[in-house]
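Data first, discussion second: the structure below is written as structure tokens.
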Amino acid sequence: MSSPMTVRAGAPEVIRPDLDTFGFSEVRRTAIVGAVLGGSVTRSVLRGGLRKAKRRQAVAEGVVNGFESLGPMFVKLGQLIASSPGAFPRELADACLRCLDDMSPFPSADARAIVEADLGKPISELFRSFDDEPLSAASIAQVHACVLADGRPAVVKVQRPEIAKRMIVDLRAAMKLARALEKRSENARVANAQAVVRDLYEATVAELNFLIEADNQTRARQNLAAFGDNTSVAIPEVYWEHCGPRVLCMERMRGMPLDRFDDIRAVHPDSELLIRRLVKAWMESVAVHGLFHGDVHAGNLWLLDDGRVAMLDFGIVGRMETEWREFVRALFYASAIDNDFRPVARALRKLDLVADDSGDDATIGRQLAVALGPVLSGSLDKLDLGVVAARLLEFGKRRGASGPEQLILMGKQLGYFERYAVALAPGWKLGRDLFLFRNVFPTEVAAKIAEEGTELPVD
């Protein structure tokens, strides 16, 4: 059982500007976007040559060049494409990996002004020290090191000036372009360009109020400690007295991104156990607590100097409702405990993903076992775990169900974990690892461990 989550009084509602509003600002921006992307792609193609493969690569590079020229909203779009390689042409997804790099910082004077406006005090009263040179700069915000008045080392995430207004205008322009592209391009229809923009809109409106992110991070940190055995995984403490709608202050952590594979193998004695501990904590967030980190790219996962692994940046989170958590638990119970997929079929019925005339639970269970069993039980260096979500979505769509957002977001994160595991834990079988489910199925895991005479790692 998870511990109750405390909700900070006055936690803000998500403000949802109308995505379909289209005035002079949006018309002007649409023209600029079309001109920049068109010109960028044309220049890249002219430089890249006429061979078909080279032309595809040149188009992808041109699109990303355009994204970088157009600013934070389009860099964010590139990040979304990079994190969903199965939904886009490989050349474009690979080119968009550039969008995960740092952006140019904005002036420290603007950062100081935003902090003082949000928190209502001068920097000199809020902090013992505040570094003007940012540690990193991303599409929505940049991060400054500081020391609180009481001596605690911290970092402050400061939102870019006027970014909220700019991003909403850009989203409206992007939606207009997506609709036009879907009318003219089969590839745009297959990629569901409008849905991509809507996904980006949903993520953006939540990310633009840092008090929402602070609340997500606080809840996730509480949940991480619920069972007392995730001590090798960390989430920074939020310092609420130094937070506002555009300012998020938290405990400072030092380490390196999880994709520095050679360095991690050199300094960590057991990189496989590192990944297992991380995925265990994340699986509990999905299957037990419901609130899970929804953007686990390497910039948001660090190996800390003290040997722990940290989850950072809770601007994007998933929320598994009770029936979805039941489905996820049934899926992994079948994989890890008894290989019986009938409860998975029953969970799908509760979610209206199985029609009444699709057969009984045993029949559907056998179909699920054939479709998912090999993926869940295979080693991650041979099988793409993101296929789990894709096959479940196909399973639902064949029965007239639309793809559930929670499962899509979960599947994207599994794809990230698969990439880390291939490098740091080759041969590891997530779906068969009882350690991951120690707190999800405590009684059954204990019984199976006793029966097999094996031991789980100590955290």
Evaluate Q79 against D295 for side-chain hydrogen bond (donor to acceptor under 3.5 Å, both in side chains), listing each step before the verdict. CA-CA 10 Å; Q79 292 170 355; D295 193 19; over 6 Å; no
For I140 and M167, run side chain to side chain contact (heavy atoms under 4.5 Å, CB included): C-alpha distance rounded to whole Å, both residues' side-chain angles, the deciding distance at 0.1 Å, then the answer. CA-CA 9 Å; I140 288 181; M167 292 183 86; 3.8 Å; yes
Test side chain to side chain contact (heavy atoms under 4.5 Å, CB included) applied to E455 and I449, step by step: CA-CA 7 Å; E455 294 184 0; I449 288 295; 5.8 Å; no
Can you list the steps and then say if E284 with N223 is a side chain to side chain contact (heavy atoms under 4.5 Å, CB included)? CA-CA 9 Å; E284 288 171 7; N223 292 340; over 6 Å; no
Please lay out, stage by stage, how R438 and F227 fare under the test side chain to side chain contact (heavy atoms under 4.5 Å, CB included). CA-CA 10 Å; R438 180 165 66 189; F227 298 104; over 6 Å; no
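Across every non-hydrogen atom of V344 and A330, the tightest pair is CG2-O, 3.4 Å. Here the closest non-hydrogen pair linking P72 and R160 is CG-CD, 4.2 Å. Minimum interatomic distance between V288 and N439 (heavy atoms only, all atoms of both residues): CG2-O, 4.3 Å. When all heavy atoms of E125 and A149 are compared, the closest pair comes out as O-CB, 4.5 Å. Of all non-hydrogen atoms in L224 and A281, the two that sit nearest each other are CD1-CB, 3.7 Å. The nearest pair of heavy atoms linking L291 to N216 is CD2-O, 3.6 Å.
Screening Y416, Y420, F417 for a ring pair (Phe, Tyr, Trp, His ring centres under 6.0 Å) involving W282 leaves a single residue, F417. Remark: of the listed residues I275, V233, L456, L436, L436 is the sole one forming a side chain to side chain contact (heavy atoms under 4.5 Å, CB included) with K280. Among V147, I123, L148, the single residue meeting the side chain to side chain contact (heavy atoms under 4.5 Å, CB included) criterion with S129 is V147.
No side-chain heavy atom of I337 sits less than 4.5 Å from a side-chain heavy atom of F437. The shortest distance between side-chain heavy atoms of V440 and F332 does not fall below 4.5 Å. No side-chain heavy atom of F292 sits under 4.5 Å from any side-chain heavy atom of H289. Using a 4.5 Å cut-off on side-chain heavy atoms (C-beta onward), F74 and V64 make no contact. The shortest side-chain heavy-atom distance between V156 and C249 falls under the 4.5 Å cut-off. F210 is not listed as a side-chain neighbour of D118, based on a closest heavy-atom distance of 4.5 Å or more. Here the side chains of L258 and L278 are in contact, with some heavy-atom distance below 4.5 Å. Contact check for V158 versus R246: no side-chain heavy atoms found under the 4.5 Å cut-off.
With sequence neighbours left out, the side chain to side chain donor-acceptor pair (under 3.5 Å) criterion links R179 to D20, Q194. Under the side chain to side chain donor-acceptor pair (under 3.5 Å) criterion, R276 pairs with D433, sequence neighbours left out. D270 pairs by the side chain to side chain donor-acceptor pair (under 3.5 Å) definition with nothing, not counting sequence neighbours. Residues that satisfy the side chain to side chain donor-acceptor pair (under 3.5 Å) test with R308, not counting sequence neighbours, are D306.
Note: L171 CG to R198 CZ = 10.5 Å, rounded to the nearest 0.5 Å. Atom CD of Q413 sits about 9.5 Å away from atom CG of N300, to the nearest 0.5 Å. Distance check: I168 CD1 to L208 CG gives 6.0 Å after rounding to the nearest 0.5 Å. Put simply, OH on Y201 and CE on M175 are 10.0 Å apart, with the number rounded to the nearest 0.5 Å. The CG atom of N65 sits 10.5 Å away from atom CZ of F67, with the distance rounded to the nearest 0.5 Å. Atom CG of L70 and atom CD1 of I32 lie 8.5 Å apart (nearest 0.5 Å).
Remark: side-chain polar atoms of R265 are paired, donor with acceptor, to backbone N or O of A423 under 3.5 angstrom. Remark: the backbone N or O of F106 is paired with a side-chain donor or acceptor of Q142 at under 3.5 angstrom. E237 places no side-chain N or O within 3.5 Å of a backbone atom of E251 that could act as its donor or acceptor partner. Not a single donor-acceptor pair under 3.5 Å links the side chain of S40 to the backbone N or O of V63. Looking at E326, its side chain never comes within 3.5 Å of a backbone N or O of A347 through a donor-acceptor pair. Looking only at distances, a side-chain donor or acceptor of R325 sits under 3.5 Å from a matching main-chain atom of M320. Judged by distance alone, with hydrogens and angles left aside, the side-chain atoms of R221 form a donor-acceptor pair with the main-chain N or O of I235 at under 3.5 Å.
Within 6.0 Å of NZ in K76 there are more than 12 heavy atoms belonging to other residues, nucleotides or ligands.
Sequence neighbours left out, the pairs with a member in residues 118-143 that pass ring pair (Phe, Tyr, Trp, His ring centres under 6.0 Å) are F127-F130, F127-H242, F130-H144. Residue pairs satisfying the side chain to side chain donor-acceptor pair (under 3.5 Å) criterion with at least one member in residues 132-141, sequence neighbours excluded, are listed as follows: R112-D132.
K176 and E26 are not joined by a salt bridge, as no carboxylate oxygen comes within less than 4.0 angstrom of a charged side-chain nitrogen. Under the 4.0 Å criterion applied to side-chain N and carboxylate O atoms, E444 and R329 are not assigned as salt-bridge partners. One finds no salt bridge joining R254 and D305 here, because no Lys/Arg side-chain nitrogen approaches an Asp/Glu carboxylate oxygen to under 4.0 Å. Taking a cutoff of 4.0 Å between a charged side-chain nitrogen and a carboxylate oxygen, E323 and K350 do not qualify as a salt bridge. The pair D313-K157 meets the salt-bridge criterion, since a charged nitrogen lies less than 4.0 angstrom from a carboxylate oxygen.
If you check the side chains of Q57 and E61, you find a donor sitting under 3.5 Å from an acceptor.
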